Amino acid sequence: MVEKEIEEKVYKSIIKTIKDTPLEEFYTSGHRTCQGCESALVMRFLAKAAGQRTIVIGATGCMYVANTTYYSTSWIVPWVHTQLGGSGAAALGTAAALRALMRKGKIKQEPINVIAFCGDLGCADMGLSGVSNAMTYDYNLLIVLYDNESSANTDIQETSMTPYGAQTSFSRPGKQRRIMKKRWKKSVVPMIIAGHRNIRYAATMTPAYPLDSINKIRKALAIGGPTFIHSLDPCPKGWDYDPRFSHELGVLAAETGLWPLYEYIDGEIVYNEPTKSIVEGRMKRKPVKEYLEKQGRFSHFTEEDIEHVQRMVDEMYDEWEIPGVMPIKSLNVKISDK
Amino acid sequence: MTEVKKLVEKEVLMNGTQAVAHAAMYADVDVVAAYPIRPYTEVMDTISKLIADGELDAEFIVAEGEHGQFETVKHASLAGARTLVGSSGVGWLYGMEAIVVTATDRAPVVAIIGNRALDDPGAYGVEHNDALMVRDVGWLLVWVDTAQEAFDTTLIAYRVAEDQRVLLPLGISMDGGFLTHSEQIVRLPPKELVKNFLPPYNRGKYLVHPDNPITVAPQVNEDWVMEIRRQHEEAMERARGVIVEAYEEFKKVFGRYPGSTNELQMPENPFVEPYMIDDAEVVLIGMGTVSKPMKVAIKNMRRQGYKVGMLRIRWFRPFPTQDVIKYLANSRVVCVVDRDYSMGSPNRGGVVYHEIRSSLYDLDQRPRVINFIGGLGGREITIQDVEKITKIGYEHRDTPITKPVYWVGVRGDPW
Ligand code: SF4
């Protein structure tokens, strides 16, 4: 029953080819994002995918500072700012207001999408508890983490999403200690799906795969309830590469296996795009070197550093119980043997 | 016109927090965001029960912390919902970032602040510094001193905050313990009449809805912040008139003055409560329940021949400057009792003290102002304390002030 309902909702929401995407734009000119900014593309996709009956809430971050200059906002749908750590609570408040006002007959009854977006600093760090709280309720809301792997609007500082070894102005290779970012990137989607039993849809995406991205947003909104999408967004300024390679880097992140693309639908993991082929053994992962060497933030890397990253990625696919998703290995002990 | 039918008021025993919760129910709030901290929490306990019993139809969100709690109601309010929220002490401070933007986003959220000391050290008792943290950022702030006033002021709060001329959040402060948890008789008006007093919340052109695709709180930088702050300040100023209107309308609709349980002692100024002030040489000033020992002490002192009166500050923002001048201009000495402090401030005094001194500064003939810091962390300010304060004030009727600030009853201090 549940499966059928999901299937139907997913089927209805899916766009088959890029030519079938709606022409209307609800995130349009007027913004000041950097050339080649993939996060801007995420905004465009989510507005396009959601359509006009939508309220967008944006937490402080690049996409606030660069997108909503007074008198030249790039949003055609209603847009509201929330504080850096506020996206979960703001989405909850908006969704709760709509539900109460519709139930009580104070506004017209109709489906209205509530989407909140937040950067890695706001979502994965200080806002995480709020996002988590939003995921425990049953309101229809989507939270999008647009992850440019740094605190980009304050000039590229380290966050918990910054990848291992990357240079930022908080993690500089110095004379004594060459690599300062020693922490491995947090896995947000697995944390969300493992910890919030009632959510029925969560996904990773990167705008290098537009159709995949648009469809994930549409599926999340169609399935409803609290939903979550984590998007990896190449950022020319923070990652230090020529803006024309944004798309290529997104593709490489997926093809090297560093950024697995998958969705969680009602208890099941579905792999997408190259990740699907990788997990199914139809495609070999590209060496992470190809991805790392194209970015200035890794320019201090030695062969050992690259090897370390490669080892970690290999482990993700060869040893994890759910490849690329859950950092869990199964014990080779049968419970009954104990 | 509003028609006061033969609808009778109900008398119920309830404490300050329950009174606020019931008023919010009468106001038909749509979204409530809760997070526990003593002593405000019982507002939410009560609301939860009212929802469970089918008396109120509202979304009840349990937030992950006060920051989320206040973001939730801010956004619900921007989307057109009438909201209730609240906190105490350090909880209120934990939400401060969201609390500040609630004001700058002009969301007419109504919050109850069960005043509590700030940690460390931990204390549940009353201290006013928590609520006073928002005195400069565009929240309307009112202090109540009885459960009746808490109930009535909550209805007034929605009316004032949501008025299109105002659109500002409003904090109803009440003394932790002394009012949040002490039960008193509250006269509940007939529910049917509330509709006559409180219009539905209408955000007009500022509503966040797909039919009205506005952008709220975009980046403005140096280009516009000055103008926006000025508009905010002007709304605060307009609130004065709206508050007066609301009190008058309240009287018309419910047949009694807000806060009064007894028509015989109807106070007639919304902003301040004067008590035996007409011929007073020494006037005691305080906010909240300190008015209780003050009133008793004043009666005692009057019997002994002291011409002493009281002015309780009810609305703190907007500050009732003109009323303060009106009632204090003819007094000789003003004794401000602060249940708060402002460390390192001029004379090392309290917050209310400075507001009062500042209000009186332009008078040609100024009364002398002495400050008493007392009752911090929930310590009682006794009738004896008030009598002593009065006597110190009395001594300075003709002599200059030697000591501008006293701490009331601190161990090891001569008091
Ligand atoms: S710094 Fe990066 S994320 Fe921010 S606008 Fe520029 S490219 Fe986009």
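In what follows, every chain begins at residue 1, and chains take the letters A, B, ... in the order their sequences are listed. What you are looking at is a predicted structure, and each value in this text was computed from that prediction instead of being measured.
- Contact count against chain B (heavy-atom pairs under 4.5 Å) is highest for A/Ala96 among A/Ala66, A/Gly58, A/Ala96, A/Gly86.
- Between chain B and the options A/Ile55, A/Thr68, A/Val56, heavy-atom pairs under 4.5 Å are most frequent for A/Thr68.
- Options A/Ala90, A/Ser132, A/Ala134 differ in how many heavy-atom pairs under 4.5 Å they form with chain B, and the most are formed by A/Ala90.
- For B/Ile214, the part sitting under 4.5 Å from any heavy atom of chain A is the backbone (N, CA, C, O) and nothing else.
- In this structure, CG on A/Asn133 lies 8.0 Å from NE2 on A/His196, to the nearest 0.5 angstrom.
- Listed options A/Thr54, A/Ile57, A/Leu101 were ranked by heavy-atom pairs under 4.5 angstrom with chain B; first place goes to A/Leu101.
- Ranked by non-hydrogen atom pairs under 4.5 Å with chain A, the options B/Val216, B/Asn221, B/Val31 are led by B/Val216.
- Note: B/Ala81 leads B/Ala98, B/Ser77, B/Ala81 in heavy-atom pairs under 4.5 Å with chain A.
- Ranking A/Thr82, A/Val77, A/Thr69 against chain B, the residue ahead of the rest is A/Thr82, based on heavy-atom pairs under 4.5 Å.
- By the 30° and 60° cut-offs, the orientation of the rings of B/Phe151 relative to B/Tyr26 is perpendicular.
- Comparing A/Gly127, A/Gly85, A/Ala91, A/Gly88 by heavy-atom pairs within less than 4.5 Å of chain B, the highest count is held by A/Gly85.
- Both the backbone and the side chain of B/Val208 have a heavy atom closer than 4.5 Å to some heavy atom of chain A.
- Heavy atoms closer than 4.5 Å to chain B are found in the backbone of A/Ile76, but not in its side chain.
- In this structure, the portions of B/Val220 lying under 4.5 Å from any heavy atom of chain A include both its backbone and its side chain.
- When heavy atoms are compared at a cutoff of 4.5 Å, A/Lys106 approaches chain B solely by way of its side chain, counted from C-beta outward.
- Remark: B/Arg317 CZ is packed, more than 12 non-hydrogen atoms of other residues, nucleotides or ligands lying under 6.0 Å away.
- For the 3.5 Å distance criterion, the side chains of B/Glu71 and B/His67 fail to qualify, holding no donor opposite an acceptor.
- Judged by the 6.0 Å distance and 45° axis criteria, B/Arg116 is not positioned over the aromatic ring of B/Tyr40.
- Interface summary for chain A: among B/Gly80, B/Gly68, B/Pro213, B/Gly65, the most heavy-atom pairs under 4.5 angstrom belong to B/Pro213.
- Ring geometry for B/Trp224 against A/Tyr70 counts as perpendicular: the plane angle is over 60°, on a 0 to 90° scale with 30° as the lower cut.
- Heavy atoms of B/Val29 lying under 4.5 Å from chain A belong exclusively to its backbone.
- The greatest number of non-hydrogen atom pairs below 4.5 Å with chain A, out of B/Val101, B/Asn212, B/Asp105, B/Thr83, is found for B/Val101.
- Of the candidates A/Arg99, A/Arg197, A/Arg200, A/Arg99 is the only one forming a salt bridge (Lys or Arg N to Asp or Glu O under 4.0 Å) with A/Asp138.
- Atom CD of A/Glu25 has more than 12 neighbouring heavy atoms from other residues, nucleotides or ligands inside a 6.0 Å radius.
- The side-chain tip of B/Arg106 does not point at the ring of B/Tyr206 from less than 6.0 angstrom away and within 45° of straight on.
- Here A/Tyr27 and A/Trp75 bring their ring centres to under 6.0 angstrom of each other.
- Nearest heavy atom pair, residue A/Ala220 against residue A/Ile229, reads CB-CD1, 4.2 Å.
- Within a 6.0 Å radius of NZ in A/Lys104, other residues, nucleotides and ligands contribute more than 12 heavy atoms.
- Residue with the most contacts toward chain A among B/Pro200, B/Ala58, B/Ala217: B/Ala217 (heavy-atom pairs, distance under 4.5 Å).
- Only the side chain of A/Tyr137 comes within contact range of chain B, judged by heavy atoms closer than 4.5 Å.
- A/Thr94 touches chain B through backbone and side chain together, each having a heavy atom under 4.5 Å away.
- Neither the backbone nor the side chain of B/Asp223 comes within contact range of chain A; no heavy atom of the residue lies under 4.5 Å from a heavy atom of that chain.
- Counted within 6.0 Å of NZ on B/Lys49, heavy atoms from surrounding residues, nucleotides or ligands total 12 or fewer; the atom is thus considered open.
- Only the backbone of B/Phe60 comes within less than 4.5 Å of a heavy atom of chain A; no side-chain atom from C-beta onward does.
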